[in-house]
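Predicted model only: the values in this text are computed from it and were never measured. Counting starts at 1 for both ligands and their atoms, following the listed order.
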Amino acid sequence: MKKASKLLILLASIVTVAMFAGCGETHSHKYSSDCDTICNTCEEVREVEIEHTATDDGDCTTALLCELCGEVKIEAKDAHTADEDDGDCTTAVECTQCDKNAVEAKDAHIAGEDGNCTFCDVQAVALIGDAFYTSFSDALNNWSDGTTLKLYSDISSGSIFEHIEILNKSVTLDLNGHVLDGSSVGVLFYVGNEEVPTGSLTIQDSGSNGVIKGLNGVATVFGTLNLKSGTLESGLGNTSTGVINISGGKVIGHTSIGLFDAVGNYGILNISGGTLCGGPAIENQKNGVVNISGSPTIEGKENLEGYGALLEGTAAAISNKGTVIIDGSPIFKSAKYEIYVIEPVTILTQPSEGMSWRVNVAKNSLSDKVVIVKPETGITLDPGKFVSVVDGYGVVKNADGSLSLALLGKAVAGVDGKFYTDFNEALNNWSDGTTLTLYSNIADGTNGTIEILNKSVSLDLNGYVWDMRSISCPIYVGMATAKEWTDGSLSIYTSQYGGQIKGGSYSLFVAGTLNLYSGVLQNGVLVSVRGTINMMGGSIDGNTNDYIGIDNYGTVNLSGGIISATYCVYNREDSVVNILGPIILNGIKRGNILGPAIYNKGIAVISEAPVFRQNENNIELDLVSPITLKTQPKEDEVWRVNMSASNITANNGVFALPGEGVELDPTKFVSMVEGYEVTKLTNGSLALIPIAE
Ligand SMILES: [Zn+2]
Ligand SMILES: [Zn+2]
Ligand SMILES: [Zn+2]
Ligand SMILES: [Zn+2]
C-alpha cells in the first residue's frame, strides 16, 4: 500500500471543506471514500461498516494497506511460515501463508567430510572437486580431464549398464572405501579404445576396503592405467598400446570359471608394489614387456576348473611368452612353480637368501636344453637358486652365464647344479667348496688319477658306480711324498642308494682328510701318516692286495658304517684308531689269517663298543700292541683275542688296558692262543698267561 496516495486524498478533502465553509446550509455529507467516516464539509462522523480496499501482493511479510485510505488492512508478519521441508536444500520451502518461499532453494549442495550436504539430508554419490553428484551417471558425464571422481556411496551392480570409456582425458577414481560393482558389465572400464588409444585412469582408495568388481575384467587398457591402492576384483587386460603401472593395491584374476590371470599383458606392465593373484598371476604374451621392481607379491593359483584346466602354466606367478625383467625383491608364491617359461626371463636379481624359484617349461618349448633365465650385465646367476619341476630335467649354467633346463639323462655329472656331458670337464670344475654329483655310471678308463689337493670338496655318488679299476690307487686326498705334504679334504656320500667307488688295489689314498657318510668304497683306504679318515657311515671292503679295509698309518675315527675285510682295520705302529660309535666290523678269515676286526700295532682305543659280526670265520682282536678299552663286550658277547708268542713275551702277556674308571671283566674275553688263558692283573689290565699244568 502507498502512503503517498493517502496524503494526496487528505489534501483534496481539505480543499473541499474550504469551499463549503460558512454556508450554514443543510448539505449532503461528502466523504473522500467509502472508508472515510468524517464528512469533508461538517466533520460529522458517520457510523458505517468500513471495508478497506486493498490488493494482496502475495507476500505475508509486508503489511496490506487500503488503497483508498491508507489504513493497514492486514499487519505484516515478522517472517514467513515454512511448509514441510523435503530435506533437499536445492528445492525451496514454500510459505504456508503467502506465495513467497519461506526458505529459498540453494544453487547446489555443499558436501561435508562424509559426503553429506552440510545444509540438508542429501548424500552425495560422488564428488568431482566440490561438484556434488547424487547420480553416478551424472558424475561420469562431468568427469573431465584432470579431475578426480571420489565415491561417497557404494555403486551397486544394477546401476551400471555399459562400460565406462576414458577417452582423451586423464582422470582419477578415488574409491574412498566404497564398492564400485560393475559385474553387470563384461569389462567395466575401457581406458582408451582401439581407434583412440589415449586416456589415463588412476585408481586409488583414500579409504580402506575400496573395491572395483568386474565380470570379465575391471579394465581393458589401450592408454594408461595406474593402480595405487584399492582392490580390483577381476583382472586387467593390457593391449599392445597399453601401459599399466601397479604401485600398490591388489588385482585378483577374474573368477567366472575358476581363477584366471590377474593381468594379461600384450603391452607394458610395470609392477613396483601391490599384490597380484591369479592363475597365472601375470600372463605375459608375445611382445609384452613386464618390469618388476620393489617387492610386490605375485601369487599364482592353479586354475583347474573348466577351460582353465586345459591351460598350461596356470600355477605360476609369471607365465612368460614375451619379455620379463625382474629387479628388486619380488615375493613370488605358488603351490607348484613360480616361473613358467615359454620364453626366458631376464634377471637383475635372484631369489634372496634361503629362497629359490621353481621353473616349469611349456611342453611345446621343451627340448634337451632350453634357456630359462638370462642375467643382465654384471649379474652372476646362481643355478642353485633355480629348481626344475620338469621331470628328468635339471638347471644347467651355460657359458654365457644364462641358465637352462637340461635333460639330465644327457648329463654325466654336475658341480653345484651346473651340468656336464663331459666327465673330465666336470672334474676340472670341481673346485674348492663344490660338490661333484654323478648322473651316470662312470666307466673304467674315463678319467685318470684324481688328486684332491689344497681344496675341500664333496662327492655325491648319487646311486652311481665310479669305476676306476684300471688305476691302482685312483683317488688321492692330499699328497704325501718323502719330501713334501699337501693337504686336501673329501667328503663322500650317495644321496641315492647304490653309489660305489671301484679302484685297482685301493679306492683311496688319504694324506689329508676323508669323511665318509655313505656309499661303498670297494677296495679299501690307505691312510697316510698325516692323514685322517672320519667314518660316519657307508661301507669299505678290503683292498685287492692284502684284503685290508683301512690300512692306517695316520688317524682313524670310526663311528658308523660297515667294514668287511680280512683285516677290517690294520693299525700300524704309532698310528691311532678310535672307535667312537656303533660301526659294524665284519672280519673275514682268509687262509691262516684269522679275519680280525681290529689288528693293532699302534694305539687303539675303543670308547663305544663296535658291532662285531661274530662267527667261526673271524675273531675280534688280533693284537701286536695292547688295546685300550673304555668300554667292554656287551651282554652275551665275548671278544676273542689272538697274540703271537713273541708279542706275548714283548708285552708280558698284556693285551688290554682299562680306560679310566673301567673295571675289565676277564670272563668276557677268550684266548685264541693255544695253552694260554685270560687273566686280570692287579693293575686292572688283562693278560694272556700260560694255563697252569
Ligand atoms: Zn457533512
Ligand atoms: Zn480505506
Ligand atoms: Zn508468507
Ligand atoms: Zn543440500
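A 4.5 Å side-chain heavy-atom check between Leu188 and His163 finds every atom pair outside the cut-off. Put simply, the side chain of Tyr152 does not reach to within 4.5 Å of the side chain of Asp114, judged on heavy atoms.
Within the sub-2.8 Å shell of the Zn ion (ligand 2), the protein contributes these N/O/S atoms: Cys35 SG, His52 ND1, Cys66 SG, Cys69 SG.
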Let me have the donor-acceptor pairs involving side chains of residues 310-322, under 3.5 Å, with sequence neighbours excluded, atom names and distances please.
| residue | atom | partner | partner atom | Å |
| --- | --- | --- | --- | --- |
| Glu312 | OE1 | Tyr340 | OH | 2.7 |
| Glu312 | OE1 | Lys363 | N | 3.2 |
| Thr314 | OG1 | Asn303 | N | 3.0 |
| Asn320 | OD1 | Asn284 | ND2 | 2.9 |
| Asn320 | OD1 | Gly322 | N | 2.8 |
| Asn320 | ND2 | Gly322 | O | 3.2 |
| Asn320 | ND2 | Glu343 | O | 2.9 |
| Asn320 | ND2 | Pro344 | O | 3.2 |

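The closest donor-acceptor contact from the side chain of Asn142 to the backbone of Asp138 lies under 3.5 Å. Side chain of Asn116 to backbone of Gly112: no donor-acceptor contact under 3.5 angstrom is found.
Protein N/O/S atoms closer to the Zn ion (ligand 4) than 2.8 Å number 4 in this structure.
The two residues Trp143 and Leu201 come nearest to each other via the heavy atoms CH2-CD1, 3.7 Å. Listed here is the closest heavy atom pair of Ala102 and His80: CA-CB, 3.9 Å. Smallest separation of non-hydrogen atoms from Val243 and Val221: O-CG1, 3.9 Å.
Geometry at the Zn ion (ligand 3): SG/Cys98 and ND1/His80 form an angle of 90°, nearest 10 degrees.
When Ile212, Leu232, Leu236 are each tested for a side-chain contact (heavy atoms from CB on, under 4.5 Å) with Phe189, only one passes: Ile212.
With sequence neighbours excluded, the residues that form a salt bridge (Lys or Arg N to Asp or Glu O under 4.0 Å) with Lys336 are Glu302.
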